[in-house]
Amino acid sequence: MTKLSLFLGCIVPNRYPGIENATKLCLQKLGVDACDLPGASCCPAPGVFKSFDKATWLALASRNIVLSERMGRDILTVCNGCYGSLADANMELKKDPELRASTNSYLKEIGMEFKGTIEVRHIIEFLYREFGPEKLKDYITRPLDLKVALHYGCHLIKPSKDRNLGETESPVFFDELVEATGAKSVDYTDKMMCCGAGGGVRSGHVAVSLEMLEHKLACIRQAGVDCIVNACPFCHLQFDRGQLAVNEKFGTDYSIPVLHYSQLLGLTLGFSPGELGIEQNAVQNIEFLAKVYEISAGLR
Amino acid sequence: MSEKLLEVLKTAGLDVLSCMQCGTCTGSCPSGRHTGLNTRRILRDARKNRTEVLSDDALWLCTTCYTCQERCPRGIPITDALLELRRLAVREGFMLPEHRKVSETVLECGHAVPLDEETKKKREELGLEPIPETVQKYPEALEELKTLLKTCKFDKLIAEK
Ligand code: SF4
Ligand code: SF4
């Protein structure tokens, strides 16, 4: 199987290290060869950097890619934003010689050269393509009796012309990975809608961002689930920390637990909620924690 | 400004001329439900070279979710065009103070969201090293990154005009 370097980005190591640990534990358990990528920076965040300056966006992204090229490993991301930024930059630089030449003229200043020898992967499409739900089931030791509101996020599947993961109105591949754990992926209104964080909206227009989030949360609450599952730490942060901000702003009382898929998978592979950092979230839902501890102890 | 908006879009390989003003994009927009973001209008204004679109805050209300682009019956790369307009706006000096701040943070420490004490503790609770294996741990990598950003003149671009 492909050798990988784990690209952390910003939010995972610096806000939700539980996702980092969960990812490392899961990859190890699945026998995936993935190592650290020392010295990597911000991907850079597509919503802001790609909105500001294309040359800078490409230069920063390609530096991260070159770090992994030097190791002869494909990059594995656990974030839709990092995936969008790095996969798009990698693709553009591979196919456009002019763009590659201008980017390499910047990289030359730091003794680097983009060669275009590796791929950029996202953990969800990686697990789906390299394992698939059926094979994943072989590794499962604790089937999860959970109802889940799945949030794909945008840049995992869009723009579809570059992602090749099928249509974007009602995809199922990620649901299949969720259901491989024994959990039930519950349908809900506006499931494919954006969480409201991307494109620099959360940083630039927080009120708008929270209005969009509140709509998503209302739809999810109506579906009656145990938790939200995502594939992106920025969506994760929006759903988790944003939920408290929504409560403050709108006087609501949402308390919906939020898990990255690595954490959900970690539970079903037999790791404890503590190891997976599930208790480190901003949303503290005691009932849910009791439930996952029972699952993890084999009590349900 | 001398550059025609349409020219800039065209040079970037973004053809918006086949827009039939059907409004599917605007109707699909999750941000437009709550805000004044109206992609159909932005495209029309860009076509008519109304440079006011560049200073309009609406440009920054898009979450880049790509729903409009996926649904456009004419296959217009709407989100990509909005991003191109944003880059043009930034070159003209339009930038939200919050975005300037994020840029400065990356210039300083290589991350848009830097490590804090609370997270260091959380990392240790998980048995991880307090400082992750990123540019934050390696001063020479951070220097390299700063050189690269300077080479791109990013510091100048984001400086207030
Ligand atoms: S969906 Fe496409 S054709 Fe219709 S108004 Fe929007 S850009 Fe124009
Ligand atoms: S990409 Fe932007 S403009 Fe298009 S639907 Fe999403 S938020 Fe609206």
Side-chain angles (χ1 to χ4, degrees), chain A residues 8 10-18 20-21 36-42 44-56 59-60 63 106-107 109-110 112 154-155 158-160 168-169 190 192-201 203-205 208-209 211-212 215 274-275 277 280, chain B residues 12 30-31 33-35 57 60-67 69-71 77 79-80 83 86-87 90-91 95-96 98-99 101-103 106 110-116 119 122-123 125-128 132-138 140-142 144-145 147-154 157-158:
Chain A
L8 297 174
C10 301
I11 298 175
V12 166
N14 298 344
R15 287 296 177 274
Y16 288 98
E20 177 178 335
N21 210 35
D36 286 319
L37 187 58
S41 69
C42 178
V48 281
F49 274 79
K50 210 176 168 182
S51 298
F52 299 161
D53 186 43
K54 190 156 181 179
T56 309
L60 254 55
R63 177 182 167 275
Y106 296 124
L107 286 176
E109 294 296 314
I110 56 169
M112 278 186 167
C154 304
H155 300 141
K158 294 180 277 190
S160 59
T168 59
E169 297 289 344
D190 281 336
M192 295 315 295
M193 190 193 128
C194 171
C195 69
V201 175
S203 54
H205 289 286
V208 172
S209 175
E211 274 179 47
M212 290 168 73
H215 174 77
E275 288 172 292
Q280 294 183 344
Chain B
S31 172
R33 282 187 198 177
H34 304 279
T35 67
D57 204 29
W60 299 95
L61 292 168
C62 164
T63 65
T64 69
C65 77
Y66 280 97
T67 309
Q69 180 159 326
E70 292 292 332
R71 291 187 183 168
T79 315
D80 294 334
L83 286 171
R86 281 182 172 189
R87 292 190 285 260
V90 169
R91 287 206 291 278
M95 197 176 200
L96 293 170
E98 293 85 354
H99 290 160
K101 185 95 209 303
V102 179
S103 305
V106 174
H111 284 288
V113 180
L115 190 62
D116 57 13
T119 311
K122 287 182 176 173
R123 296 184 60 86
E125 279 165 28
L126 293 162
L128 291 167
E133 282 295 316
T134 68
V135 68
Q136 298 166 112
K137 191 174 163 182
Y138 301 97
E140 63 285 4
L142 184 58
E144 189 180 275
L145 192 83
T147 307
L148 187 59
L149 282 161
K150 259 213 180 75
T151 310
C152 299
K153 300 196 172 63
F154 186 65
L157 181 77
I158 63 158

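Just so it is clear, the model here is predicted, and its values are computed rather than measured.
- For B/K137, no part lies under 4.5 angstrom from a heavy atom of chain A.
- Between B/D116 and A/R15 a salt bridge is recorded (basic side-chain N to carboxylate O distance below 4.0 Å).
- Listed by chain and number, the residues in a ring pair (Phe, Tyr, Trp, His ring centres under 6.0 Å) with A/F52 are B/H99 (sequence neighbours excluded).
- Taking CD of A/Q280 as the start and CD of B/E125 as the end, the distance is 5.5 Å to the nearest 0.5 Å.
- Looking at A/T168, only its side chain comes within 4.5 Å of chain B, counting heavy atoms on both sides.
- For B/V90, the part lying under 4.5 angstrom from a heavy atom of chain A is the side chain only.
- Contact of A/A55 with chain B is made through the backbone alone, with heavy-atom distances under 4.5 Å.
- Legend: residues meeting salt bridge (Lys or Arg N to Asp or Glu O under 4.0 Å) with A/K158, ordered by chain and number and at least two apart, are absent.
- Most heavy-atom pairs under 4.5 Å with chain B: of the set A/A197, A/P159, A/S209, this distinction falls to A/P159.
- With a 4.5 angstrom heavy-atom cutoff, B/Y138 touches chain A only via side-chain atoms.
- Neither the backbone nor the side chain of A/M192 comes within contact range of chain B; no heavy atom of the residue lies under 4.5 Å from a heavy atom of that chain.
- At a 4.5 Å heavy-atom cutoff, the contact between B/L157 and chain A is made by side-chain atoms alone.
- Rounding to the nearest 0.5 Å gives a distance of 9.5 Å between CG of B/L149 and CD1 of A/I110.
- No option in A/C42, A/P13, A/C10 other than A/C10 meets the side chain to side chain contact (heavy atoms under 4.5 Å, CB included) test with B/V113.
- Taken from NZ in A/K54 to CG in B/L83, the straight-line distance is 9.5 Å, to the nearest 0.5 Å.
- Residues B/V106 and A/L60 form a side-chain contact, since some pair of their non-hydrogen atoms from C-beta on lies under 4.5 Å apart.
- Closest approach of A/V48 and B/V102 over heavy atoms only: CG2-CG1, 4.3 Å.
- Counting heavy-atom pairs under 4.5 Å between each of A/P44, A/P46, A/S51 and chain B puts A/S51 at the top.
- With chain A as partner, the option from B/R87, B/K101, B/E98 having the largest number of non-hydrogen pairs under 4.5 angstrom is B/R87.
- For a residue to count as touching a neighbouring chain, one of its non-hydrogen atoms must lie under 4.5 Å from one of that chain's; by this rule B/Q136 touches chain A with the side chain only.
- Heavy atoms closer than 4.5 Å to chain A are found in both the backbone and the side chain of B/L126.
- Between atom NZ of residue B/K122 and atom CG of residue A/N21 there is a gap of 13.5 Å, rounded to the nearest 0.5 Å.
- Expressed to the nearest 0.5 Å, how far NZ of B/K153 lies from OG1 of A/T56 amounts to 10.5 Å.
- Between B/K150 and A/E109 there is no salt bridge, since none of the side-chain N atoms of the basic residue sits less than 4.0 Å from a carboxylate O of the acidic one.
- The parts of B/E144 that come within reach of chain A are both its backbone and its side chain, each placing non-hydrogen atoms under 4.5 angstrom from that chain.
- Residue contact with chain B, scored on non-hydrogen atoms closer than 4.5 Å, involves the backbone and the side chain of A/D53 alike.
- A salt bridge links B/R123 to A/E20: at least one charged side-chain nitrogen sits closer than 4.0 Å to a carboxylate oxygen.
- Distance check: B/R33 CZ to A/E211 CD gives 12.0 Å after rounding to the nearest 0.5 Å.
- In this structure, the portions of B/T134 lying under 4.5 Å from any heavy atom of chain A include both its backbone and its side chain.
- Across every non-hydrogen atom of B/P30 and A/M193, the tightest pair is CB-CG, 3.7 Å.
- Both the backbone and the side chain of A/M212 come within less than 4.5 Å of a heavy atom of chain B.
- When the candidates B/S31, B/A12, B/A141, B/C65 are compared by the number of heavy-atom contacts under 4.5 Å with chain A, B/C65 comes out ahead.
- Within the 4.5 Å cutoff, the side chain of A/C154 has no heavy atoms near those of the B/Y66 side chain.
- Two residues are said to be in side-chain contact when any heavy atoms from C-beta on lie closer than 4.5 Å; B/L148 and A/L107 meet this criterion.
- Of the residues considered (A/L8, A/D190, A/V12), A/D190 shows the highest number of contacts with chain B, using heavy-atom pairs under 4.5 Å.
- Contacts of A/E275 with chain B are made by backbone atoms alone, with heavy-atom separations under 4.5 Å and no side-chain atom involved.
- Partner of A/H205 under the side chain to side chain donor-acceptor pair (under 3.5 Å) criterion, chosen from B/D57, B/T63, B/T35: B/D57.
- Side-chain contact check for A/C194 versus B/T67: every heavy-atom pair is 4.5 Å or farther apart.
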